[in-house]
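Values reported hereafter were calculated over all heavy atoms of this structure, with side chains retained and with hydrogens, waters and symmetry mates removed.
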Amino acid sequence: MVRVILAIVVIILTGNNRITETELVPYYMFFLGALILVTGLSELQKDRKGFWGHMNIVISLFIFFVSIQGFLLNYRVRLVP
């Protein structure tokens, strides 16, 4: 259920960005990271201790890092005239 909600949020934010061309990239990157994290955790809970559960968690941490960097750079750009 959580994966469906996160997927819908990512699709809506991406579609909104494509139509209005606003700066929502850090937001949907954050939700995409959350979606991949939930997918990785569900893979590990299903006793599939394979490669993809751990890889999804590593990828989600990288996406979280990129989205936080995007938040900080976007905030910094707004402060400087």
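Clustering ILVMFWY residues whenever any of their side-chain heavy atoms sit less than 4.5 angstrom apart, transitively, puts Val58 in a cluster other than the one holding Phe51. Taking hydrophobic clusters as Ile, Leu, Val, Met, Phe, Trp and Tyr residues chained together by side-chain heavy-atom distances below 4.5 Å, Trp52 shares a cluster with Val38. Residues Leu32 and Val2 are members of one and the same hydrophobic cluster, defined by side-chain heavy-atom contacts under 4.5 angstrom among Ile, Leu, Val, Met, Phe, Trp and Tyr.
Distance CZ/Arg18 to OG1/Thr14: 9.5 Å, rounded to 0.5 Å. Between Ile36 atom CD1 and Arg3 atom CZ the span is 12.0 Å, to the nearest 0.5 Å. With values rounded to the nearest 0.5 angstrom, Leu44 atom CG is found 11.0 Å from Thr39 atom OG1. With values rounded to the nearest 0.5 angstrom, Thr22 atom OG1 is found 5.0 Å from Asn17 atom CG. Considering CG of Leu73 and CD of Gln69, their distance stands at 5.5 Å, rounded to 0.5 Å.
The closest side-chain heavy-atom distance from Met29 to Val25 is below 4.5 Å.
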CA sep, side-chain torsions, deciding dist, call: Ile63, Leu37, side chain to side chain contact (heavy atoms under 4.5 Å, CB included): CA-CA 10 Å; Ile63 291 175; Leu37 179 65; over 6 Å; no
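In this view, Leu13 and Val9, Leu24, Tyr27, Tyr28, Phe31 satisfy the side chain to side chain contact (heavy atoms under 4.5 Å, CB included) rule, not counting sequence neighbours.
For Ser67 against Pro26, the heavy-atom pair with the smallest separation is CB-O, 3.6 Å. The minimum heavy-atom distance between Gly33 and Ser60, with the atom names listed, is O-CB, 3.3 Å.
Residue Ile8 forms a side chain to side chain contact (heavy atoms under 4.5 Å, CB included) with just one option from Leu6, Val10, Ile11, Val4, and that option is Val4.
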